[in-house]
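What follows is a set of notes on a single structure, which appears directly below.
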Amino acid sequence: MENFSMDSFRLDGKVALVTGGIYGIGFGIAQALAEAGATIVYNSNSAESVAEGAASYKEAGIDAKGYVFDVTDEVAVEAAIKQITEEVGSVDILVNNAGIIKRTPMTEMSVEDFRQVIDIDLNGPFIMSKAVLPAMMEKGHGKIINICSMMSELGRETVSAYAAAKGGLKMLTRNICAEFGEHNIQCNGIGPGYIATPQTAPLREDGHPFNDFIIGRTPAARWGTVKDLQGSAVFLASEASDFVNGHILYVDGGILAYIGKQP
């Protein structure tokens with residue numbers, strides 16, 4: 001039996017591509033992967049946001065390289081992966097983080113908005129994974145981490161498109177596992193709970209009904225932080241998880257295990 005080594009969590013020599021990794025959860029995951037030794041590549045669909053990301057990485061002391069492309073454009077994705085391979089190296093770790101949400105009651109939501117959410121949140125990970133899988137198969141190893149959601153399991157008012165996309169992403173994760181596991185490629189998901197980010201700051205003010213709802217619904221009795229997600233990302237990106245495949249790791253403070261407080 002091989003002895004366990006903490007080195008199995010190291011990512012030295014690995015190239016990690018984090019889509020949409022310019023702020024929030026994506027940026028936090030990229031920071032953690034860099035701390036574990038990975039070379040970071042990120043993207044956004046505008047030159048302005050890629051430049052903003054570059055400034056953030058520089059401030060954090062991370063030498064990351066940004067690329068402008070849309071994850072829903074297969075031709076652009078294939079060209080970008082070719083360029084990344086030539087300039088940085090072939091992608092060992094793909095984090096499908098790019099996503100959007102539109103909070104609209106279903107009967108008021110346009111088909112165009114529904115399709116846009118599905119396109120970015122579900123078709124995007126399919127296109128990105130399809131682009132990196134051939135090189136991963138050739139090398140005989142690879143890690144794909146899909147950023148799922150509690151909405152991969154639960155429904156909630158106004159998020160029909162998002163829940164449909166994230167539920168589909170859960171099953172795409174399992175199917176990539178089923179189809180490519182024999183090539184030593186692991187595809188897993190992280191399902192964040194309610195995470196404190198600048199975008200959720202207005203909802204987290206004391207006395208806000210939604211803040212009270214989330215704290216009451218979470219056994220940990222608090223919002224999660226980006227830091228809470230970082231260890232999970234490093235684990236799923238590393239050799240320590242080589243026999244973990246098709247799994248969705250919910251980092252939610254226990255919400256999915258809890259029916260809620262009795263009134």
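Treat the numbers as computed from the prediction; the structure is a model and nothing was measured. The figures here come from the full heavy-atom set of this structure, side chains too, leaving out hydrogens, waters and symmetry mates.
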Over all atoms of both residues, closest heavy-atom pair of [X] and [Y]:
| X | Y | value |
| --- | --- | --- |
| Thr72 | Ile127 | O-CD1, 3.5 Å |
| Asn97 | Gly20 | ND2-O, 3.3 Å |
| Ala131 | Ile81 | CB-CG1, 3.8 Å |
| Ile195 | Thr200 | O-OG1, 3.2 Å |

Got a sec: does the [atom1] of [X] have more than 12 other heavy atoms crowding it under 6.0 Å?
| X | atom1 | result |
| --- | --- | --- |
| Phe9 | CZ | yes |
| Asp63 | CG | no |
| Glu59 | CD | no |

May I ask you to decide if [Y]'s main-chain N or O and [X]'s side chain share a donor-acceptor pair within less than 3.5 Å?
| X | Y | result |
| --- | --- | --- |
| Gln230 | Gly28 | yes |
| Lys166 | Ile147 | yes |
| Thr218 | Ala221 | no |
| Ser90 | Ala135 | no |
| Asp121 | Ala165 | no |
| His208 | Phe210 | yes |
| Ser8 | Ser5 | yes |
| Asn245 | Cys187 | yes |
| Ser241 | Val244 | no |

Would you mind reporting whether [Y] and [X] have side-chain heavy atoms less than 4.5 Å apart?
| X | Y | answer |
| --- | --- | --- |
| Thr158 | Thr104 | no |
| Asn211 | Trp223 | yes |
| Leu256 | Leu154 | yes |
| Met128 | Pro125 | no |
| Ser129 | Leu94 | yes |
| Pro192 | Ile25 | yes |
| Val117 | Ile100 | yes |
| Asp113 | Met109 | yes |

Does a salt bridge link [X] with [Y], judged by any charged N lying under 4.0 Å from a carboxylate O?
| X | Y | value |
| --- | --- | --- |
| Asp252 | Arg217 | no |
| Lys143 | Asp242 | yes |
| Glu78 | Lys82 | no |

Here the ring-ring contact (aromatic ring centres under 6.0 Å, His included) pairs for residues 130-160, sequence neighbours left out, are none

Which pairs with one or both residues in residues 243-263 pass ring-ring contact (aromatic ring centres under 6.0 Å, His included), sequence neighbours excluded?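 As it turns out, there is no ring-ring contact (aromatic ring centres under 6.0 Å, His included) pair with a partner in residues 243-263 once direct neighbours are skipped.
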
Before giving the answer on salt bridge (Lys or Arg N to Asp or Glu O under 4.0 Å), spell out for Asp212 and Arg204 the whole-Å C-alpha distance, their side-chain angles and the decisive distance to 0.1 Å. CA-CA 8 Å; Asp212 294 342; Arg204 290 183 281 110; over 6 Å; no

Apply salt bridge (Lys or Arg N to Asp or Glu O under 4.0 Å) to the pair Glu74 and Lys130, showing each step before the final yes or no. CA-CA 9 Å; Glu74 185 172 18; Lys130 181 183 174 186; 2.8 Å; yes

Can you tell which of Phe27, Tyr57, Tyr23 makes a ring pair (Phe, Tyr, Trp, His ring centres under 6.0 Å) with Tyr42?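 So, applying the ring pair (Phe, Tyr, Trp, His ring centres under 6.0 Å) to Tyr42 and each of Phe27, Tyr57, Tyr23, only Tyr57 qualifies.
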
Residues Ser46, Ser49; criterion side-chain hydrogen bond (donor to acceptor under 3.5 Å, both in side chains); working and verdict: CA-CA 6 Å; Ser46 76; Ser49 54; 2.7 Å; yes

Is the closest side-chain donor-acceptor distance between Asn184 and Gln186 under 3.5 Å? yes

Compute whether any side-chain donor of one residue and acceptor of the other, for Thr173 and Asn146, lie under 3.5 angstrom apart.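 Looking only at side-chain atoms, Asn146 and Thr173 do form a donor-acceptor pair, the distance falling under 3.5 Å.
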
Please step through salt bridge (Lys or Arg N to Asp or Glu O under 4.0 Å) for the pair Glu239 and Arg10, ending with a clear verdict. CA-CA 8 Å; Glu239 292 179 1; Arg10 294 294 307 172; over 6 Å; no

Criterion side-chain hydrogen bond (donor to acceptor under 3.5 Å, both in side chains) on Thr39 and Lys14, from CA distance to verdict: CA-CA 6 Å; Thr39 298; Lys14 305 295 186 184; over 6 Å; no

Could you list the residues that satisfy ring pair (Phe, Tyr, Trp, His ring centres under 6.0 Å) with Phe69, not counting sequence neighbours?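 Not a single residue meets the ring pair (Phe, Tyr, Trp, His ring centres under 6.0 Å) criterion with Phe69.
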
